[in-house]
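Okay, structure first, notes after.
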Amino acid sequence: MQEELFETQSIAERVASETLIVDVDGFEGPLDLLLTMSRTQKVDLRKISVLDLAVQYLSFIANAKNLRIELAADYLVMAAWLAFLKSRLLLPPDPSQSEPSGDELAAHLAFQLERLQAMRDSAAILMARDRLGRDRFGRAITEDVMRRKTVNYTANLLDLMQGYARIRTKDDFRPFIMDRESVFTMEQALERMRGLIGYSGHWTDIVSYLPDGWSDDPKKYRSATASTFAAALELAKEGKIEIRQEDIFLPIQIRKRAD
Amino acid sequence: MADMQEESLFEAPPIAEQERMVEAILFASADPVSLREMAGRMPHGSEPLIAMQNIQKRYSGRGVEIVQVDQAWAIRTAADLGFLMQRETVETRKLSRAAIETLAIVAYHQPVTRAEIEEIRGVAVSRGTIDQLLELEWIKIGRRRQTPGRPVTFVVTEHFLDHFGLESARDLPGLQELRAAGLLENRPAPGTEALPNNKNSEVIQENLFSDPEDEPID
Amino acid sequence: MADMQEESLFEAPPIAEQERMVEAILFASADPVSLREMAGRMPHGSEPLIAMQNIQKRYSGRGVEIVQVDQAWAIRTAADLGFLMQRETVETRKLSRAAIETLAIVAYHQPVTRAEIEEIRGVAVSRGTIDQLLELEWIKIGRRRQTPGRPVTFVVTEHFLDHFGLESARDLPGLQELRAAGLLENRPAPGTEALPNNKNSEVIQENLFSDPEDEPID
């Protein structure tokens, strides 16, 4: 289809249309295209004729559409907006309308073009500066700064005495844990088991060693189970009992170790 | 703090000695060194700023110069001698036009959001462009803008200033002229849905009744 | 080579200019640079040796020096300024509780073995704690105990006595005195034991004026 279309065109037309194809690819968006077009007006961007520009852009897009170029939506949005702007600029302003006038819209577009151009010029100036690593150079042999941290430890006589007092009065401390009603300590469990173990020659479920009244409240039960188990391990370590569990989740059993 | 007191019992070294120290510190570093960092390494009571200003004069016109980069200082070869260093030149990846323009926009409009960059360029900014500039350490993420969505802003770095030989972002070429011409303003478009990226219709309404020159968004 | 020929049509730059060039080359090169290499980079007709000798003089006594390395030249930090390449920070920290307790045990029970310290403290004493005290020179290794294994003993040092303002270890307050000072009755509530000392000393003050028996802290 396209081949046929081209056949009917003159060589000049074909060159022109191919240029357009290439150019659309090369432009970075509608504003870029407009800025490039504005250069053909060869005037200060502040004196640009936005109307001429709009006409030029619209004909460009119309032309490009004829060539079935797939244009980015951005270009079409801009085309629609410029068509609107063109009508605004051509029709006399309607005083009853509170919408912005064509001149205001045109002024803003001119501002956008001028601002983009200014940024392009600034970028070029910036890139042409004497740059580090190209025109100016930094030190190639550098020395690392070693960071050394010195920590001064201090302590005074009071710290020392307090420290010593803390050790010497440690036995007087009642551990906080004792103040909690539902805690059965390992020491308590050990004491209890030491008293009971002498009578146990057979494998007995460890649960039977839990103190009376500790099995109902779940909190108490948990604590007593843990401490009794820990105490059993301690006694096994001491060689006083033997401990076994036939399979996971099965009861843990203990018995007095035969001498 | 206690050590400071202790150290201050010693006198600061004579200024000529301090100059030698600043010289040594600057020569040993590839990156700009702040006065604070210098003071931290020099004996207590040293005044690196005075020493620095002295040696800056001493090196003026020499093959290497002392330059200020933001709040820090560095030694750099004189720009006119770049031709001697052909072999040291590090080939930087060629920056795309989009990246160069984006960099300029960040430099001149900072702090600037991505949406604002897109508004100025009239086209979407690809992720890669921003990434490339971030990777070069020429731009960095600044504070979030206190507007709906709290978008991040971009600002240029000390590294950028160093690279382009600028003492501060205020020294960007043509900055005053651009500002005077109103070209650094973020001027909203009149009318709603006029151009992409302009969604703040309230501001636009206001703008219809005022001189746009005096109406920067921020 | 062709450019060299071409360049020789021009006169060699003035020696001051050559000095600038040598300066820049030495500054920006990662390795020492030979005169031959300099000559290759500088305009034809330049005499890097003379330029080099001039700037060597110029830098003499400065913070950096031009030094010869084999047949090549480089800029290096002046030897006496090496200390600037270190950044020292001093921090004052309270000795850890474990260290204080260990130190106290050594002071009150010296000569004492590690096993004895552990017995008194009721917990293992880490190697680090002992090392720290040895390093601070507050304790030292005493004679070996004439018991099986001949363990080493620890004693406090002169330095320790100095630091704590004691004439001898016998001057340490005894248990009676500790009790009198309220220290032995100081019964910290669980969880507050590791609090900073000022807090503890408040508690002690309180304790001096009240019946310790009825004074559970919280």
Side-chain angles (χ1 to χ4, degrees), chain A residues 26-35 46 72-74 77-78 81 84-85 88 98-109 111-145 150 152 154, chain B residues 3 26-31 37 41 65 67 74-82 85 88-90 92 95 97-98 100-101 103-105 107-109 119-124 162-166 172-175 178 181-185 187-191 193-196 204 207-208 212:
Chain A
F27 287 121
E28 295 203 38
L31 214 52
D32 183 31
L33 175 57
L34 277 169
L35 191 55
R46 271 164 287 190
D74 283 355
V77 169
M78 177 64 91
W81 186 79
F84 163 77
L85 173 60
R88 273 289 160 100
S98 63
E99 282 175 29
S101 74
D103 287 342
E104 282 170 327
L105 296 171
H108 186 72
L109 179 61
F111 164 76
Q112 283 183 299
L113 292 175
E114 203 191 340
R115 183 173 61 179
L116 180 58
Q117 186 59 51
M119 282 302 106
R120 292 204 169 154
D121 294 344
S122 298
I125 293 167
L126 205 54
M127 299 314 276
R129 284 181 70 84
D130 292 327
R131 285 160 63 183
L132 195 66
R134 192 186 70 181
D135 311 291
R136 296 149 53 250
F137 295 83
R139 185 78 164 126
I141 309 173
T142 58
E143 290 176 55
D144 290 333
V145 177
T150 318
N152 275 344
T154 61
Chain B
D3 336 304
L26 289 183
F27 265 93
S29 172
D31 295 318
E37 165 82 19
R41 284 156 69 179
E65 295 170 335
V67 296
I75 304 186
R76 300 289 177 242
T77 60
D80 64 317
L81 299 176
M85 255 63 75
E88 324 295 348
T89 309
V90 189
T92 41
L95 281 179
R97 193 172 116 188
I100 291 170
E101 273 180 31
L103 178 65
I105 292 168
Y108 284 86
H109 290 262
E119 148 99 33
I120 293 169
R121 294 198 65 232
V123 69
D162 195 16
H163 186 92
F164 291 99
L166 297 164
L172 283 164
L175 187 71
L178 290 172
L183 290 171
L184 300 184
E185 287 166 21
R187 203 183 292 178
E193 293 181 292
L195 280 179
I204 290 157
N207 230 34
L208 288 173

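Because only heavy atoms are used, hydrogens play no part in the values below, and waters and symmetry mates are left out as well, while side chains stay in. In what follows, chains carry the letters A, B, and so on, assigned in the order in which the sequence lines appear, proteins first and then strands, with residues in each chain numbered from 1.
The most heavy-atom pairs under 4.5 Å with chain A, out of B/D80, B/D162, B/I75, B/L81, come from B/D162. Counting heavy-atom pairs closer than 4.5 Å to chain A, the top residue among B/A30, B/G165, B/G174 is B/G165. Of the listed residues (A/G138, A/P30, A/A124), the greatest number of heavy-atom pairs within a distance under 4.5 Å of chain B belongs to A/G138.
For chain A, the nearby parts of B/A79 are the backbone and the side chain; heavy atoms of each come within less than 4.5 Å. Using a 4.5 Å cut-off between heavy atoms, B/L172 touches chain A through its side chain atoms alone. Proximity to chain A (any heavy atom under 4.5 Å) is shown, for B/A98, by both the backbone and the side chain. For B/L26, no part lies near chain A; criterion is any non-hydrogen pair under 4.5 Å.
Not a single donor-acceptor pair under 3.5 Å links the side chain of A/R129 to the backbone N or O of B/H163.
B/L166 has its side chain within reach of B/P173: a pair of non-hydrogen atoms, C-beta onward, lies under 4.5 Å apart. The closest side-chain heavy-atom distance from A/R115 to B/E119 is below 4.5 Å.
A side-chain contact (heavy atoms from CB on, under 4.5 Å) with B/Y108 holds for exactly one of B/L178, B/I120, B/L103; it is B/L178.
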query = Does the side-chain contact (heavy atoms from CB on, under 4.5 Å) test come out yes or no for A/L109 and A/Q112, once each step is laid out?
reply = CA-CA 5 Å; A/L109 179 61; A/Q112 283 183 299; 4.0 Å; yes
Test side-chain contact (heavy atoms from CB on, under 4.5 Å) applied to A/D130 and B/R76, step by step = CA-CA 11 Å; A/D130 292 327; B/R76 300 289 177 242; over 6 Å; no
